[in-house]
Amino acid sequence: MSELNAPFSGGPTLNDGVTMPWLGLGVYKTKDGEEVIHAVKTAVELGYRSIDTAAGYNNEEGVGQAIRDCGVARDELFITTKVRNPDQGYESTLKAFEDSRRKLGLDYLDLYLIHWPVAGKYRETWKALIHLQKEGLIKSIGVSNFQVHHLKDIIEDTGVVPVVNQVEFHPLLTQRELLKYANEQSIQLEAWSPLMQGNLDLPLLKELAEKYGKTPAQIVLRWDLQQGVITIPKSVHADRIKENAGFFDFTLSDEDVKAIEGLNKDHRFGPDPDNFNF
């Protein structure tokens, strides 16, 4: 079985040599406490090993509790969190990291991201992440919602290339320029809101779902995978969490991949990183 058809096992090797799973559970807008604990534990029971949270989601404590209770060894899990926009800057990022680590109850993080490119701050924030990685507190460091010019800024400043750029990415926002640049720089693109916040009622997706005997969501997630994009769909429902993992056992034709790409309208469901009130 090829890597692109292997549920939960393996994944892309990042530019620092770390392997990251193709599929993770996102917990944006998942309530702290029982809701997020249940979602994370359910995902882990179903085979997920990557969990993506953020300080700004206000649920790191619940995620940490689920990690402790899930029955899977810490070194088998891949945990991501992100520094909040108000906490950016060098010294404040170091403090914010310790706050996140305390809430999660972890000795180290697998991946720490700058959540948004806050003007005047993200360069110093990136330097703080580099420091934390050198201290052995983070295995991998990356960014989220960075455009090409933001990426060029931090690479030119430090010579350190992010391992991941987590961005809004889906059939209505295909980010061709960003994906091309990321591939050229060996930056792994990761999709948030891959299922367009549930806006899957598109004729082509329905047609392909019928053709392949899958759901529209599984068609989109498979489309991500075949472009080499990591994906982190969010759900709190066990049946949906299970469904979202059901895209490893089929392959879209090249023609169908291109057809889905043709749906692009440069439409964002979330904020534009270049026009965002941080």
Side-chain angles (χ1 to χ4, degrees), residues 3-14 16 18-30 35-57 59-60 62-67 70 72-82 100 104 106 108-115 138-145 162-170 182 187-197 217-218 220-238 240-248 270:
E3 186 184 86
L4 290 186
N5 290 307
F8 308 120
S9 63
T13 300
L14 307 178
D16 60 359
V18 171
T19 299
M20 182 175 180
W22 284 115
L23 173 66
L25 177 74
V27 296
Y28 175 58
K29 288 189 175 178
T30 306
E35 184 173 79
V36 76
I37 291 169
H38 177 72
V40 171
K41 288 174 68 175
T42 297
V44 172
E45 286 170 9
L46 289 168
Y48 286 67
R49 292 297 177 263
S50 177
I51 307 297
D52 179 274
T53 186
Y57 299 170
N59 57 20
E60 288 175 316
V63 170
Q65 186 64 52
I67 291 167
C70 72
V72 172
R74 169 67 184 96
D75 61 5
E76 293 181 28
L77 300 172
F78 191 100
I79 309 301
T80 301
T81 195
K82 313 172 191 79
S100 285
L104 287 162
L106 300 177
Y108 68 92
L109 278 175
D110 296 280
L111 179 62
Y112 197 42
L113 305 178
I114 301 176
H115 207 155
I138 309 168
K139 287 191 174 182
S140 299
I141 55 175
V143 297
S144 183
N145 301 304
V163 298
V164 163
N165 186 18
Q166 184 187 117
V167 298
E168 183 177 353
F169 180 92
H170 47 68
I187 300 169
Q188 175 65 51
L189 212 66
E190 180 179 13
W192 64 257
S193 202
L195 301 179
M196 301 178 283
Q197 298 182 4
Q218 290 165 340
V220 172
L221 297 174
R222 183 69 202 186
W223 175 76
D224 284 351
L225 184 66
Q226 286 183 222
Q227 296 177 94
V229 176
I230 287 173
T231 188
I232 48 168
K234 176 252 177 178
S235 182
V236 298
H237 304 291
R240 191 59 56 79
I241 293 170
K242 183 176 181 179
E243 175 195 323
N244 287 343
F247 62 90
F248 289 96

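Predicted model only: the values in this text are computed from it and were never measured.
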Is [X] reaching over with its side chain to a backbone N or O of [Y], donor-acceptor style, under 3.5 angstrom?
X: Gln188; Y: Gly228; answer: yes
X: Asn165; Y: Ala182; answer: no
X: Arg74; Y: Leu106; answer: no

**Request:** Start with the C-alpha distance between Thr19 and Thr13, add both sets of side-chain angles, then the distance that settles side-chain contact (heavy atoms from CB on, under 4.5 Å), and finish with yes or no.
**Result:** CA-CA 4 Å; Thr19 299; Thr13 300; 3.8 Å; yes

Between [Y] and [X], is there a side-chain heavy-atom distance shorter than 4.5 Å?
X: Cys70; Y: Val40; answer: no
X: Thr81; Y: Tyr112; answer: yes
X: Pro233; Y: Val220; answer: no
X: Pro194; Y: Phe169; answer: no

What are the two closest non-hydrogen atoms of [X] and [Y], and how far apart are they?
X: Ala54; Y: His115; value: CB-CE1, 3.6 Å
X: Ile241; Y: Tyr48; value: O-OH, 2.6 Å
X: Leu25; Y: Ser235; value: CD1-O, 3.8 Å
X: Leu46; Y: Ala238; value: CD1-O, 3.9 Å
X: Glu35; Y: Lys29; value: OE1-O, 4.2 Å
X: Pro21; Y: Ser50; value: CG-CB, 3.8 Å

**Request:** With sequence neighbours left out, write down each residue that passes side-chain hydrogen bond (donor to acceptor under 3.5 Å, both in side chains) with Thr30, or none if nothing qualifies.
**Result:** none

**Fill in**
Those residues at least two apart in sequence (or on a different chain) that pass side-chain hydrogen bond (donor to acceptor under 3.5 Å, both in side chains) with Glu45 are none

**Asked** ring pair (Phe, Tyr, Trp, His ring centres under 6.0 Å) with Tyr28: which residues, sequence neighbours excluded?
**Response** Tyr57

**Complete:** The salt bridge (Lys or Arg N to Asp or Glu O under 4.0 Å) partners of Asp52 (sequence neighbours excluded) come to Lys82

**Asked** Can you list the residues that meet the salt bridge (Lys or Arg N to Asp or Glu O under 4.0 Å) rule with Glu168, with sequence neighbours excluded?
**Response** none

**Residue pair Ser100 / Glu60, side-chain donor-acceptor N/O under 3.5 Å** = yes

**Asked** Quick one: side chain to side chain contact (heavy atoms under 4.5 Å, CB included) partners of Ala217, sequence neighbours excluded?
**Response** Leu195, Leu200, Thr215, Glu243, Asn244

Between [atom1] on residue [X] and [atom2] on residue [Y], distance to nearest 0.5 Å:
X: Ile79; Y: Ile51; atom1: CD1; atom2: CD1; result: 5.5 Å
X: Phe78; Y: Leu109; atom1: CZ; atom2: CG; result: 9.5 Å
X: Leu23; Y: Arg49; atom1: CG; atom2: CZ; result: 11.5 Å
X: Leu111; Y: Met20; atom1: CG; atom2: CE; result: 5.5 Å
X: Gln166; Y: Thr231; atom1: CD; atom2: OG1; result: 9.5 Å
X: Ile141; Y: Leu14; atom1: CD1; atom2: CG; result: 11.5 Å

**Message:** Under the criterion side-chain contact (heavy atoms from CB on, under 4.5 Å), I'd like the reasoning laid out for Asp110 against Val18: C-alpha separation, chi angles, the key distance, then a yes or no.
**Reply:** CA-CA 9 Å; Asp110 296 280; Val18 171; over 6 Å; no

